[in-house]
Every structure is written in C-alpha cells, then in structure tokens.
Amino acid sequence: MNNKNKPALRLQGTDGIRREIRLAKDISPAMTPQATFLECGFLTEEFMELYAYAQVSLWREKGKFPSTRGVVVAWDPRDPSGIFTTAVVRGIRRADVPAWVLGVVPTPLVPLYMVYTEARGGIMVTASHNPPDQNGIKVFNNYRGLKPFPLNDEELSRRILELDYAAIKKLPLSGRLIDHRNSALELFRRFSLAPENSWFDPKLTQDNFFQNTLLVVDPANGSLSGLAVDIFRSAGFQNVHEVNGGKGEVNQGGGVADLEGWRNITAQQAEPSGPFFHHKAVRKLFELGHKNKTDLLKGNLRLWGAVFDADADRFYKLEYSADKDCLQVLGGDDTAFIQSRKLLESGSSTNTTPLFFNTVESDLNVTSAVEKRGLSPQMTAVGDKWIQLKFALALIENRILKLKEELEIKFPAALEKEWEILRDAKEDPDVYRLQKFEIQLDRLEAPGTQDTISHSLALGSEETGHNITLGTLVKKDGNSVPVFFGNGLKSALNTFACESEDTEPWKFRPGFKKTLYSYHIKKELFSPNSQLWNKIKKEVVELSQELEWEAKIRKFPEDPEMLYFELAPANKRRAALFVRNSGTENKIGVNLRCSASDASPLKKCGESILRLLIQSMKDSTNDWFLLELNVLKHLVKEGPKSEKALELESAKRDRLLGEMLKQGLIQHHPKGLSITALGKYLLTCHVDNSKSQ
C-alpha cells in the first residue's frame, strides 16, 4: 500500500467515531464543533449533525441516485432523549437527502436494509460496546455495505474540517423524513430465520431439537432487547430467559465486554465478592444450572447463554458445565471454529478450499486448528472492515474466474491490470474504487451470476465476537445478492445450528491469549518512530534475547500504527507481542499470543512493556485518570474497601472500577476491592499527581 502524502489528521478510529458526549450548550460558545472534538475530546450533537451532513454530501457527489433515494439511519438505545440521534437525522436532511429512519435496531440491519432498498448509504448511531456515557457513528457504504477504509475516512475528515457549522445550521431540512422501521424489522426477522442464513435445518425445528436447551439471552440493554428472544423462539428454542432486556443502561450489568479475556467462570466468581456478581447473564446461568443440576448431569438438558453488545454486532456463547459448576466462555475464535464445520460440509461438494479470515487479536492456535481441518487461513489487522475487504476481494475473484472460464470471454487488459492493483493491495484500498471496478464487471457478466456463489466461500472472525459469514438477501426488486456484515444474532444462530446432538462439538485447544491495558492516555505519544515507539522496540528485542527467542517486526500496511513482533521461542512454536492504541476507546493494549507452554515468559515481557506505557502515557490532565489515582490512594491508605465506601459518583462508579479492574490496578477482595502491585507502581510513577489530589 502507498502511504505517501497522507494528511496529518484522521478523525476516525477503528470503526467510525466514538467519544464521551457533551451538549453543545455546555461548551464554550466560542468553540466550533470541530474544536470541541479535537481539543476537548467530546462529541456534541452539533458535531454529530456536521458528521452526518459531510458524509451524505460526499455520497451525493460520488453516486448517481434518484432524488427520492434516501440514507438509512438507526441507533441503539443509549440516547433516550433523542438529542444526538435527532441531530444525525437533521444532518442527513440538511444535505437534501431523505432520511429513512429505522429507530432502535441492531447495527447489521442498517447495511442489510440499505442493500435491500438500494439506499445511498447507511448510518448507525452507536458506541457499540463502550460505556453509556459515550456515543458515536458507524458508516456503511452503498457498495456491498462495506465500512470506509482509512483513505475514505481521511476524505471525510477533510470535508468535516472545511465545513462551517453556522452555515450548515441555516440550511433547510429539505430531505424528507420517512419511517421505515416496520418493513426493516420484518426484513431482519425474515433474513435471520431463512435456513440459508441461520443454517437451521427446518427439520430440526419441526423435531423440537432445541426443546431440551435452556437459553439465557443477554442483549446488554441494547438493540436486540425483546427482538432476539422472539427470533430464538421462532427458531425452535422453547425455554428462553432474557436478562438486561432494555430496562437499564446499555452494556451495564452484562454484555460481551465484561467477558473479554475469560475462558472459564466459576460459581464463586459470581458471588458478591467476585468479578461477575453484577453480570446478570452469568448469575442467571448459575441459578438455572443449580436448579436443573440433576437433568443437566444426566444429559437431559443443555444450558447455554447468548450474550451480545448494545448494537448487536458481537456475540459470545456461554456454556454451563454441571459437573464442574462453571461456565465456559466461547468468544469469536471459538464460535468461528464451530461454524467452520458448516463451511467444510458445504465446500466438500464444490471442491473448493474455504477461506478463514481472522485478525491479529485471535488465538494463534485457532489458525493452526482451521488449517488442520482443511481451511485456508489469512490474517488481517484489527477491524472487521479488513475482513469485509477480504470477502469483497474473494467474491470479485470468484466473479472473474467465472467470466474467464465459464463464459469464455476475453478479459479486458485494463481490468486485469486494475484487478492486480486491488488484489495485491498495491495502493490504499478505496471503497469507491472497488465499486467502480465491480460496475465494470457487471457490464461483462450475465444477470443473476452472483446467485450461484457458494456460502462455503469464506468465514471471517474477530476474537472480540464479530463473526462474518455469507448470507443471501433477496432485495426489494426480487434479485438475490450475497451479503457479509458483522451480525451477532446470525453468529449465534449459526453456532447453535452447528452443534447437533449426534456430533461432537468442534473445539480447539486454546493457547495463551491476554491483553494488558492502560486507559486514559495521551495516544499521540505512541506513533511510528516516536521516542516511545523506539524504546518499546529496543525493550522487546532485549527481552527476547534474554529468552533466546527470535524477534522480527511484521508490518501490516493497513495498520501502520501497530507495532507487531513475531516471536519464535523454539521447535517451530510461534508467539506474538504487539502494541496498538485502541481505535474505539482511550486506551492502549499490549497483546500477547503464544502456546500455553510459553505463557509465563511472554507475560513477563508484556508486563514490562505495560509498566513502560503506564509510566510514559498516562494523561495527568484527564479527569478519569485523576479519579483512578484518588481510588488507589484511598486503598493504599485504608486497605480494602467496598465499592460504596469509595464514595464515587454512582454515574461514574461502574465505568471507573470496571476499567481499573481491566487494567489490573485493583482486584476483588473479600472486603471489597484492594490495590494490586501494578496499582502501587502507577502511584510511584505519578507521585506528584497523587500528592496534588
């Protein structure tokens, strides 16, 4: 990829924008929405309106659509006042484009309905798994529902920074506002329950295959509240229990975010002094497990959990083990491996090798496991946009092969050259360039050819729970097209469909996988060839030499700001250590991946790098960091304390303590919470800040 002449600023992270929210009236009137975002780090309703206007105006310029063709817009429930969602709708309408409003729906329904209606684009207002005091925007392009690539983000960023909000605010709301909610929800239900998408054999439902399954559904008080339960029951689950069904704040008291990094959860960890006491799905599973223990031990019942995030593009499965009285946590790697069974079964009839796309965050063992099963693995940088790109390229290649072999036409030399550039990533990916290329293929290809694409072509997975499989969408005009979006409910249905009574479940032996976090940082301090970047490089090389491991930097052109080390311990074993700023939250992570036998030395390396980040990157002006210091000081001085005794604002308590636990600064204690060695280290590094509190 060519990274020359890049602008200095890209407003987006891994997936659109996400920030803490503030009302514009609470910010200095002299500050523009852009300045508030850049200098204060807050997302206001004015910036959201500006963002939507800028994106829609770009779509207007780049696409030829009838004036009646709208932009699909939806949101998760984190904004009950409607201030921010209404602002986004205004931005669309001020761009003189109809706003096709879906309301509170799952994120995957936005691109699905967009493709179904051939809309100009799609906008989802959500901060996904982030805390409820944050919001954001995800964008889906008309071309196959792809998310923007960095090149597209940069173009949008330039447009936003050039605009004058005062002038935009005076524009009329000339685009119509049209309610599409009911037709969209009906489409989601129809798509989800279609056997080719859910993978359910209708006979399984008729035979009540799932009548002996107790299912706990946790929509994280988000977009699937009520909806997932209805669809699971229609799919044949007769005993469904919903928790976190929309009566609380999003991602609080449950959801996938709190499950990250866990393989097993014991009953003791769901007790008042345990880390999962506030997770309603975990507690409900143990409650049902203890109540039905006899039938579970006899094999007469199964007890599963389906856990999502607020906007429903992520899914984790929980399995209760009655003999061990614990829960097994199955994240994106595990569920993708289970689903790969279906690809191999389907692919055996087409004599093709299914592709398996995953990111650097995955367990290294899952790559080896799918390869042994007969799939072809390919690794990408973090972000499901890169998995989407892999899908798009695989589908294009499939089309080109058909054109060359079956239709026996001479493939134009100009298209061959362009395909080589796109396929081999010789230039930065551009969603509009891909779209233009496929339009040129349309002129060569017989109508309806896309209908023949096999669902066994590929499977994509992010360890965090984004799984992508091909689906078939019958559009409004009656034509069928393949679709591929991160869809938590589809992933859940696909996973459950692959686990039949008469076959052993597919599971791989996990390696060591851990991410060490530091929150509330100055992200700009870690960038390619910065002082800290080079210091970490030197540290990792020296630590590897001490272990007598080989260390080699691997570059991912799609994510040049990730520092990734391939490590070779011995005897063909593999390990990885990589450092990257989060694209969705104000944090940085030291990611560790290796075999179980190499876990101890790699963990020590990671902890050394984490201490370096804590020492160098914590932002002494950040209010949340100052609260961290205050909590740590009290715990050092007074010993373990209950959460209530820490005297934190209730609105901030859950988020602050949750982040401190994830960082390893505090730990659960019979008396409440206590400081860890790492927490004490943070205090010693920032003693001046501590004394000033």
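In this structure, Arg341 fails the cation-pi test against Trp199, since its NZ or CZ atom is not both closer than 6.0 Å to the six-membered ring centre and inside 45 degrees of the ring normal. Both cation-pi conditions hold for Lys587 and Tyr517: the charged atom is under 6.0 angstrom from the six-membered ring centre and inside a 45 degree cone around its axis.
Going from atom CD of Gln378 over to atom OG1 of Thr380 covers 9.5 Å, rounded to the nearest 0.5 Å.
Ring-plane geometry between Phe237 and Phe200 is classed as tilted, the angle between the planes lying from 30 to 60 degrees on a 0 to 90 degree scale. Between Phe496 and Trp304, the ring planes are parallel. Angles under 30° get that label, and only those over 60° would be called perpendicular.
In the model, Ser491 has no side-chain atom that pairs as donor or acceptor with a side-chain atom of Asn494 under 3.5 Å. Side chain to side chain, Lys671 and Ser642 fail the donor-acceptor criterion of an N or O pair below 3.5 Å.
Using a distance-only test at 3.5 Å, with no hydrogens or angles considered, no donor-acceptor pair links the side chain of Thr126 to the main chain of Asp311. Here the side chain of Glu271 pairs no donor or acceptor atom with the backbone of Gln268 at under 3.5 angstrom. Here the side chain of Ser223 pairs a donor or acceptor atom with the backbone of Val105 at under 3.5 angstrom. Between the side chain of Asn251 and the backbone N or O of Ser128, at least one donor-acceptor pair lies under 3.5 Å. A donor-acceptor pair under 3.5 Å is absent between the side-chain atoms of Lys284 and the main chain of Val243, judged by distance alone.
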Check residues 360-371 and write down every donor-acceptor pair under 3.5 Å in which the side-chain atom is one partner and the other belongs to a residue at least two apart or another chain.
unit_1: Ser362; atom_1: OG; unit_2: Asp333; atom_2: OD1; d: 2.8
unit_1: Ser362; atom_1: OG; unit_2: Asn358; atom_2: ND2; d: 3.3
unit_1: Asp363; atom_1: OD1; unit_2: Asn365; atom_2: N; d: 2.7
unit_1: Asp363; atom_1: OD1; unit_2: Gly511; atom_2: N; d: 3.3
unit_1: Asp363; atom_1: OD2; unit_2: Gly511; atom_2: N; d: 2.9
unit_1: Asn365; atom_1: ND2; unit_2: Arg509; atom_2: O; d: 2.8
unit_1: Thr367; atom_1: OG1; unit_2: Asn358; atom_2: ND2; d: 3.4

In residues 252-262, what donor-acceptor pairs under 3.5 Å come from side-chain atoms, sequence neighbours left out?
unit_1: Glu260; atom_1: OE2; unit_2: Arg314; atom_2: NH1; d: 3.4
unit_1: Glu260; atom_1: OE2; unit_2: Arg314; atom_2: NH2; d: 2.5

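Salt bridge annotation for Glu659-Arg655: present, with a cationic side-chain nitrogen under 4.0 angstrom from a carboxylate oxygen. Salt bridge present: Lys507 and Glu319 bring a charged side-chain N and a carboxylate O closer than 4.0 Å. Salt bridge Lys513/Glu463: present, at least one basic N to carboxylate O contact under 4.0 Å. Salt-bridge formation is detected for the pair Glu186/Arg190: a Lys NZ or Arg NE/NH1/NH2 atom is positioned less than 4.0 Å from an Asp or Glu carboxylate oxygen. A salt bridge links Asp313 with Lys138: the closest approach of a Lys/Arg side-chain nitrogen to an acidic carboxylate oxygen falls below 4.0 angstrom. Residues Glu585 and Lys662 are not paired through a salt bridge, judged by the lack of any N-O separation under 4.0 Å between the basic side chain and the carboxylate. In summary, Glu607 and Lys604 do not engage in a salt bridge, as defined by a charged side-chain N under 4.0 Å from a carboxylate O.
Val483 has its side chain within reach of Phe191: a pair of non-hydrogen atoms, C-beta onward, lies under 4.5 Å apart. Side-chain atoms of Leu303 and Phe286, non-hydrogen and from C-beta on, never get closer than 4.5 Å to each other. Residues Tyr320 and Arg302 fail the side-chain proximity criterion, which asks for heavy atoms closer than 4.5 Å. Using a 4.5 Å heavy-atom cutoff, the side chains of Lys317 and Glu499 are in contact. Using a 4.5 Å heavy-atom cutoff, the side chains of Glu249 and Asp133 are not in contact.
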Query raised in the report: Where do Ser183 and Tyr113 land on the side-chain hydrogen bond (donor to acceptor under 3.5 Å, both in side chains) test, with the steps shown first?
Result: CA-CA 9 Å; Ser183 59; Tyr113 195 71; 2.8 Å; yes
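Every side-chain hydrogen bond (donor to acceptor under 3.5 Å, both in side chains) that Gln238 has, sequence neighbours left out, goes to Asn208. Judged as a ring-ring contact (aromatic ring centres under 6.0 Å, His included), and not counting sequence neighbours, the contacts of Phe308 are Phe315. Partners of Asp384 under the side-chain contact (heavy atoms from CB on, under 4.5 Å) rule, at least two apart in sequence or in another chain, are Asp15, Lys147, Glu462, His466, Ile468. Partners of Arg263 under the side-chain hydrogen bond (donor to acceptor under 3.5 Å, both in side chains) rule, at least two apart in sequence or in another chain, are Asp334.
Partner Leu112 forms a side chain to side chain contact (heavy atoms under 4.5 Å, CB included) with one of Val110, Val115, Leu109 and no other, that one being Leu109.
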